Amino acid sequence: MADYYDALETRDPERRQSELIEAVAAQVRHAIKHAPACTEMLTGVDPRDITSPDAIAALPVTRKSDLARRQKAAPPFGGLTAHDLTAPATGHIKYLFASPGPIYELATHRENYWRFARALFAAGFRRGDVAHNAFSYHLTPAGAMGDSGCHALGCAVIPAGVGQTDQQVATLQDLKPNAYIGTPSFLKILLERADQLGADVSALRKAAVSGEALPPAIRRTLSARGIATLQSYATADLGLIAYESIADDGLIIDEEVYLEIVRPGGGQPVADGEVGEVVVTTLNPDYPLLRFATGDLSAIRSGLSACGRTNRRIKGWMGRADQTAKVRGMFIHPAQIEQVLQRHDEVTRARLVIDWVDESDRMTLKCESLSTDPALPSAIATSIRDLCKVRGEVQLLAPGSLPKDGIVIEDAREYE
């Protein structure tokens, strides 16, 4: 088993399908009993009837908007967790997170809570490695995800977070970690800054990246520097969903989720190979999200991975089913753009354009306004940073300049 995290990864596909269906039925039974919102949503559902993919597909879909609505009505988690946080502390909860929206997430003391160790293992992380974790530790769970996976494998962690580039480069040179966790664009920034400073960061030999697309050009750049780079797909709500084991060979679905590709905005599964929305049922008993719609588009890739893992693969991230976009690891929602506009009456209409410049994301809010105040763009940029948690440029336009096509967020990124 030295090549695999556990025996689940090489199960017979038919056995896996049968065991996953049984696990979903057990999770539904558990959720009905312990999570009040699930008790309500699943009224009339008998877990004993969940014996096929069709039966799972008949269950209701939960969306991000449902989370926000339920959490507002019944704080903090809308009755979707299996622990009552409104009661006196039970000691189950380890972390409480606040993601943009706001949407609140939790983590319990369960080891490898987000199951990230499986992706790290596939990326070559092993006991004794030292990992430089450049995911954010601020309110959102990305940094803690990386930590939990490393600790499950026996890796030491440098909790670097984001920013302070020069200090991070000095740390890479002095502590000589051999592994990196974070976004690929920030790793590129660190390496380029190390070159400028004449710092030796050659100890880095492997990278597990996520939070944004991994363009082929960046993968080639990292490979040329001797850094083997594999990507994974995870969300704050669900944890790990899928991961690479071989570069550019599709993402293998995690063993502890049930994944469907459905018609965007609906719940009916599409045929293998057809692009649709990723819907995931997590088997985490602490936070039993059932048929959670991620808003991401993907498709099932035919065949099995050459690495010997037998689970199905998806083709990776293929866009958003809505206008939400991920920029530098953070989701940007149309509602956040509306919040920015509410701060600035001088702006009548706006469109956020995201493109790919010099191998990094660039975000520009194009605003229609009659104002000639030279301080307005800077003020709007501050609002973007406050509300979206990432920096963006601002461009003022004359009224009537933007298309009237209903688009609030335009993802114009093209990767080479």
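The residues of the chain are indexed from 1 along the displayed sequence. In this text, all values refer to a predicted model and were calculated from it rather than measured experimentally.
D147 and Y137 share a side-chain donor-acceptor pair at under 3.5 Å. Between the side chains of T294 and Y233, at least one donor N or O sits under 3.5 Å from an acceptor N or O. With 3.5 Å as the limit, one finds a donor-acceptor pair spanning the side chains of D200 and S202. E9 and T310 form no side-chain donor-acceptor contact under 3.5 Å, judged by distance and modelled atom types alone. S99 and E105 are linked by a side-chain donor-acceptor pair at a separation below 3.5 angstrom, with hydrogens and angles left out of the test. No side-chain N or O of N133 forms a donor-acceptor pair with one of Y180 less than 3.5 Å apart. A donor atom on one side chain and an acceptor atom on the other are found under 3.5 Å apart for S383 and H344.
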(request) Kindly determine whether H333 and E338 satisfy side-chain hydrogen bond (donor to acceptor under 3.5 Å, both in side chains), including the steps that lead there. (result) CA-CA 9 Å; H333 304 273; E338 178 61 26; over 6 Å; no
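Salt bridge K188/E359: present, at least one basic N to carboxylate O contact under 4.0 Å.
Relative orientation of the F121 and Y5 rings is perpendicular, given thresholds of 30° and 60° on the angle between their planes.
Residue Y104 comes nearest to Y287 through the heavy atom pair O-OH, 4.4 Å, listed as atom of the first residue, atom of the second, then distance.
Interatomic distance, CG of D355 versus CZ of R362, reported as 4.0 Å (0.5 Å rounding).
No option in D249, I252, T10 other than I252 meets the side-chain contact (heavy atoms from CB on, under 4.5 Å) test with C307.
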